[in-house]
Amino acid sequence: MPSPAAPVQPGTVYDIERPPAPPLSPLAPPDMDAILARRRPFYHRLLHFKLPGRAQTVVTCACIVLSAVQANGVYVWPTYGPVVAKRLDLGGPEAQTIVVGGILGVYLLAAPLGSVTDRHGPRIGSLVSAALSAAGYFTFAFILDKATPETPYVHVWLTFAYFLVGGATVGSYFASLTCASLSFPSHPTLSLSVPLSLISLSSLVLSSFSSLNVFQSSSGDLDPIKFLIFLGILSLSLNLLSALFLRILPQSIALPTQSEQDELDDDDEHRSPTSHLLHLDEHTPLIIGGPEAAREDAEAIVRGKERWTVGRLLVDWGGFWGFGILLALCIGPSETIIASIGTILTSLLPPTEISAAHAYPLTLFSLASSSSSTSGASQALLLRNKHVQILSLTGTVSRLLTGLVADWLAPPLTPVAMPHGPGQNDMNASVHIYVQRRPVRLLRTSFNAMCALLLAGVFAWSAGWLETERGLWVLSAGTGIMYGALFTLTPAIVSAHFGPTSFGLAWGLISYFAAFGAVAFSYLYAFVSTLDQIPACYGTKCFSFTLWIAAGCCVISGLGMFVVGRRWKV
């Protein structure tokens, strides 16, 4: 007899009553970026890693400082140049040829390195600078160690090595300026003047190391071979560090005030739906004014503005050629004085008149190098360092003050975001406008012209009244101040007139004019100083004629800048 069925418990679920399994969800698309990142070699991940926001800001600022402060090695020549000339028994034109090689390296490589930085960002500039500085400094030291006064064409080989050192200078120059101007666009001229000031300070910092005992020779003067090797190692290390960590900081655009929005509601000509399509990063061109200035320039091109090219620049007779010639007339003499201050000092202070009472070097290591019993050779080194450092300090202060004053006198347009611009499919995308919130009190070109005229006054005084080393500080300080101001204002003028997205090309080509001016005035000074030298040139006749010519050229440059300013409105 079958047993009775067991009572069914409430809540019991039999297998045949189980609910079907949920349908399989579709596979999520693979994360291709993560897969590719894992497949890339370690060095690619090393070059592209990112730090957290604040840490990256600190590291970026540190790299800008280090890249700039080691950049200006080509202008440390007055510290060791006279020792090199004496060691190899070089004449005035031969020694000046080496200087010219370094200056040409700065200017002739400006356009290609500026273009490379435009395309690939600031870190490539640091990488190129690392390679050029190592090749230049080490090659110079090797030739100097092996050569003798009888070695044929030794000054030509040293000129080639110094050309590479000049190229390293411009690589670091573009790297630090690109990163600073794009990372801090709210203060366009100041963001330019800070790294420029550090570059100007570079010659002071680097020349200060020459006073350390480790770089002194048995005669008490500088050992140039040891010093050049040190400069090569320092520049190589700091540039490689910047090549790894130099990154542009991201930016944001503020919303407009209610009054600005009401004022521009009916004005659509300043708006462009192309702004939100521009994604600016470390590959954005070197600009004065930050990513917003690049947006404005790119939108103008979209609206029909013709972009600057090499061909268009070369046929711009009144603009490109005129401004370039005016720049050569004031920058060329300044470059010559900066590179030749050591030989000018020698002409004012013959060895028989060197006195310890005049030696008060502004060196970072003056305590380590000072001594009550200092030989004549080391006194000459201290005096050379003194004027190199006067040039460096005055140039640094001038660049900082010029940046602040120029941003106050000629403030840039301020970008503001306008939501829901006309003609946009994406209602969340923003279109920006540009508002002149502060009035323009003085054009940058007029400021530049005033600096050129003041520089003419410095040269004229030095040509007519400079007689001893005690007054040489007027020429050193005056040249440092005016040169620093000119080289802070001029790139901003070029960027404003030719457009931020064409700055690397335009500034690189215009720099060739400055190179021509530096070469012309350097050889003018070299040949004038070698007239009637027995065995060397002493007295004001070595430089007075050159300075009179330089003063006249600066007057022409200053007056021409006023005319350019009225035409360009920059």
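- For Y483 and F487, the ring centers sit closer than 6.0 Å to each other.
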* To do: In sequence, state the C-alpha distance, the side-chain angles, and the governing distance for S67 and L238, and then conclude on side-chain contact (heavy atoms from CB on, under 4.5 Å).
  => CA-CA 6 Å; S67 181; L238 295 182; over 6 Å; no

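- Ring to ring, F140 and W157 are not that close: their centroids are 6.0 angstrom or more apart.
- No side-chain donor-acceptor contact under 3.5 Å links S235 to the backbone of G232.
- The aromatic rings of F209 and F230 lie tilted to each other, with the angle between the two planes from 30° to 60°.
- Qualifying ring pair (Phe, Tyr, Trp, His ring centres under 6.0 Å) partners for F513, counting only residues two or more places apart in sequence or in other chains: F320, W321.
- With hydrogens and angles left out, the side-chain atoms of T97 and H155 include no donor and acceptor closer than 3.5 Å.
- At a threshold of 4.5 Å between non-hydrogen side-chain atoms, the residues L327 and I510 count as touching.
- Without hydrogens or angle criteria, S392 side chain to V388 main chain gives no donor-acceptor distance under 3.5 Å.
- Side-chain contact of S172 with Q70: a donor-acceptor pair under 3.5 Å is present, judged by distance alone.
- Under the 3.5 Å distance criterion, the side-chain polar atoms of S340 are left unmatched by any main-chain donor or acceptor of I337.
- Contact of the I341 side chain with the L472 side chain is registered, since non-hydrogen atoms from C-beta on lie closer than 4.5 Å.
- Contact annotation: the side chain of I229 never approaches that of Y137 to less than 4.5 Å [non-hydrogen atoms, C-beta and beyond].
- Side chains of S207 and Q389: a donor on one and an acceptor on the other come within 3.5 Å.
- Within the 4.5 Å cutoff, the side chain of L547 has no heavy atoms near those of the W461 side chain.
- Judged purely by atom type and a 3.5 angstrom limit, S210 has no side-chain atom pairing as donor or acceptor with the backbone of L206.
- Residues passing the side-chain hydrogen bond (donor to acceptor under 3.5 Å, both in side chains) test with T169: none are found, sequence neighbours excluded.
- In Y512, the OH atom is crowded: over 12 heavy atoms of neighbouring residues, nucleotides or ligands sit closer than 6.0 Å.
- Proximity of L329 to V555: side-chain heavy atoms (C-beta onward) are nowhere separated by under 4.5 Å.
- Within the 4.5 Å cutoff, the side chain of L348 has heavy atoms near those of the L466 side chain.
- One side chain, Y107 or E335, offers a donor N or O that lies under 3.5 Å from an acceptor on the other.
- T343 and Y525 are linked by a side-chain donor-acceptor pair at a separation below 3.5 angstrom, with hydrogens and angles left out of the test.
- With contacts defined as side-chain heavy-atom distances shorter than 4.5 Å, the pair L486/C330 qualifies.
- Residues D223 and Q216 have side chains that never bring a donor and an acceptor to within less than 3.5 angstrom of each other.
- Nearest heavy-atom pair across L177 and I199 is CD1-CD1, 4.1 Å.
- Heavy-atom neighbours of F138 CZ from other residues, nucleotides or ligands within 6.0 Å: above the threshold of 12.
- Legend: residues meeting side-chain hydrogen bond (donor to acceptor under 3.5 Å, both in side chains) with S522, ordered by chain and number and at least two apart, are T336.
- Within the 4.5 Å cutoff, side-chain heavy atoms of F323 are placed close to those of M561.
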